[in-house]
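Working notes, beginning with the structure itself.
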Amino acid sequence: MNQLEKDKKPILLSGIQPSGHLALGNYVGAMRNWVNLQQDYLGIFIVVDMHAITVRQNPAELRKQCLSFAAQYLAAGIDPEKNIIFIQSHVHQHAELAWILSCFTYMGELNRMTQFKDKSQRYDDNINAGLYTYPALMAADILLYQTDLVPVGADQKQHLELARDIATRFNNTYSPTFKVPEPFIPKAGARIMSLQDPEKKMSKSDTNENNYISLLDPPDVLKRKIKRAVTDSAHEISPDSLNNSAIRNLINIYSALNDISAAEVANQFAGQQYSSFKGELTDSVVNLLEPFQHRYNEIIGEKGYLSDILDEGARRAHSMASRTMSKVYRKIGFVAPGHP
Ligand code: TYM
């Protein structure tokens with residue numbers, strides 16, 4: 001085994017749609033784990049703009065958000081020297097493999113996807129084919145790079161299981177081609193709920209901005225949003241608080257940010273007024289986001305730095321993806337160019 005093979009790390013891959021504003025749910029459910037896992041893996045972190053257009057986007061806003069999200073990946077602590085960061089549409093193999101994989105995905109499987117059901121209710125004036133076949137594109141994102149581990153929040157579990165099924169189906173039809181990836185779903189923070197409606201997940205594209213904490217919200221806005229977060233008719237934290245979805249959500253956020261279990265948080269704050277617990281929670285969020293925002297402002301101000309990282313990321317991703325694509329084309333029986 002040569003040195004290069006010895007240094008070869010397993011692949012970690014994940015992506016976020018550049019729609020709305022990156023929210024605390026995205027950070028706790030996904031990005032934080034990317035940062036924590038990057039030591040042991042080669043990380044591939046994608047700004048998935050092709051996914052974002054399954055819902056109508058304002059073009060100028062989409063362009064701005066793609067760069068802003070990439071800068072936020074870096075601000076969160078992704079090391080661009082050790083990882084690959086790029087914009088999905090810069091690597092054409094994503095679209096190509098998505099087409100092939102859509103021919104290995106059954107409509108019955110797509111019909112079961114809860115995200116499709118939710119989004120077709122939410123955007124009922126635009127139930128397009130891309131929204132429906134979206135899981136095949138997500139499978140392509142993952143399978144192109146022979147990914148080992150995919151860190152995501154709980155809402156993506158179903159898509160990931162489908163990606164595994166598609167990979168296995170393709171491998172069984174031909175011969176081993178794709179690595180079958182494992183999910184990484186964190187114990188704490190896999191499903192952060194809306195601050196105003198704790199039955200609904202916190203979403204970065206929510207029309208009511210009081211529902212989510214944006215990673216770029218200034219401290220006074222963070223404070224106001226947490227203060228206004230719904231609670232229940234009790235006034236203080238108790239072990240019983242974990243049975244109430246609104247308080248449990250605030251406890252879960254505190255628990256994820258401070259690396260202690262929800263039960264411990266409930267015990268630690270037992271007897272304290274909700275208002276005082278919310279004050280502590282605000283401090284935890286501000287402590288996380290103040291340095292994050294400082295780094296973000298530096299990075300976003302240096303346009304050349306960011307575009308160099310994204311260009312280099314796309315170049316490396318392209319070369320890895322083309323290896324998988326030539327295998328796939330050969331296996332399914334496509335004629336290689338130059339060999340009539
Ligand atoms: P997206 O853009 O909706 O969300 C990005 C990541 O954040 C997680 N997440 C949450 N975690 C905890 N609580 C929440 N309230 C919350 N909301 C979102 C999501 O689980 C996700 O990890 N289809 C994906 C993007 C994607 C992708 C991929 C992910 C495209 N290709 C390949 C992994 C691998 C999506 O729409 O995530």
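In listed order, ligands and their atoms are each counted from 1. Computation of the quantities below employed the complete heavy-atom set of this structure, encompassing side-chain atoms and omitting hydrogens, waters and symmetry-equivalent molecules.
- Nearest protein heavy-atom contact of atom 17 (N) of ligand 1 is M202 O, 3.7 Å.
- Closest protein heavy atom to atom 37 (O) of ligand 1: Q156 NE2, 3.7 Å.
- The side chain of K204, and not its backbone, has at least one atom closer than 4.0 Å to an atom of ligand 1 (non-hydrogen atoms only; side chain from C-beta on).
- In this structure, K179 pairs ionically with D148, as a charged nitrogen and a carboxylate oxygen lie closer than 4.0 Å.
- For K157, the NZ atom sits in a loose shell: 12 or fewer heavy atoms of surrounding residues, nucleotides or ligands are nearer than 6.0 Å.
- Atoms of ligand 1 lying under 4.0 Å from at least one heavy atom of G189, given by number and element, are 12 (C).
- Counting only non-hydrogen atoms, the option in V152, I192, N26 that gets closest to atom 33 (C) of ligand 1 is V152.
- Heavy atoms of S19 stay at 4.0 angstrom or farther from ligand 1.
- Around atom OH of Y174, more than 12 heavy atoms belonging to other residues, nucleotides or ligands sit under 6.0 Å away.
- Interface of S14 with ligand 1, defined as ligand atoms under 4.0 Å from a residue heavy atom, comprises 33 (C), 34 (C).
- For ligand 1, the atoms lying closer than 4.0 Å to a non-hydrogen atom of L13 are 32 (C), 34 (C).
- G15 O, 3.7 Å is the protein heavy atom nearest to atom 27 (C) of ligand 1.
- From the protein, the heavy atom lying nearest to atom 11 (N) of ligand 1 is G25 O, 3.1 Å.
- Of the options L195, N26, D197, a side chain to side chain contact (heavy atoms under 4.5 Å, CB included) to M202 is made by L195 and by none of the others.
- The local environment of CZ in R122 is crowded, with over 12 non-hydrogen atoms from other residues, nucleotides or ligands closer than 6.0 Å.
- Within ligand 1, the atoms closer than 4.0 Å to a non-hydrogen atom of Q17 are 2 (O), 35 (C), 36 (O), numbered from 1 in the order shown.
- Contacts between I142 and ligand 1 below 4.0 angstrom, taking non-hydrogen atoms only, involve the side chain exclusively.
- The closest protein non-hydrogen atom to atom 31 (N) of ligand 1 is D141 OD2, 2.6 Å.
- Nearest-residue assignment for atom 12 (C) of ligand 1 (options A140, G153, A190; heavy-atom criterion): A190.
- Under 4.0 Å from ligand 1, not a single heavy atom of I46 appears.
- Aromatic pair H92/H318: centroids less than 6.0 angstrom apart.
- Below 4.0 Å from some heavy atom of Y134 lie the following atoms of ligand 1, by number and element: 23 (N), 24 (C), 35 (C), 36 (O).
- Put simply, the side chain of R323 does not reach to within 4.5 Å of the side chain of V328, judged on heavy atoms.
- Within a 6.0 Å sphere centred on NZ of K227, other residues, nucleotides and ligands contribute 12 heavy atoms or fewer.
- The cationic atom of K225 (NZ for Lys, CZ for Arg) lies less than 6.0 Å from the six-membered ring centre of Y212 and within 45° of the ring axis.
- The side chain to side chain contact (heavy atoms under 4.5 Å, CB included) test with I247 singles out one residue from N252, D232, L242, and that residue is D232.
- Proximity of R191 to ligand 1, defined as any heavy-atom pair under 4.0 Å, is confined to the backbone N, CA, C and O atoms.
- Atoms of ligand 1 found under 4.0 Å from any heavy atom of G29 (numbered from 1 in listed order, with element): 11 (N), 12 (C).
- When the shell of 6.0 Å around CD of E109 is examined, it contains more than 12 heavy atoms from other residues, nucleotides or ligands.
- The shell of residues lying under 4.0 angstrom from ligand 1, judged by heavy atoms, includes V48.
- Between T177 and K331, the side chains place a donor N or O and an acceptor N or O closer than 3.5 Å (distance only, hydrogens not considered).
- Applying the 4.0 Å criterion to heavy atoms of A30 picks out, from ligand 1, the atoms 6 (C), 7 (O), 22 (O).
- Considering only non-hydrogen protein atoms, atom 20 (O) of ligand 1 sits nearest to D155 OD1, 2.4 Å.
- Contact atoms of ligand 1 toward V150: 33 (C), 34 (C) (distance under 4.0 Å to a heavy atom of the residue).
- Using modelled atom types, one finds no donor on one side chain facing an acceptor on the other under 3.5 Å when comparing N128 with T54.
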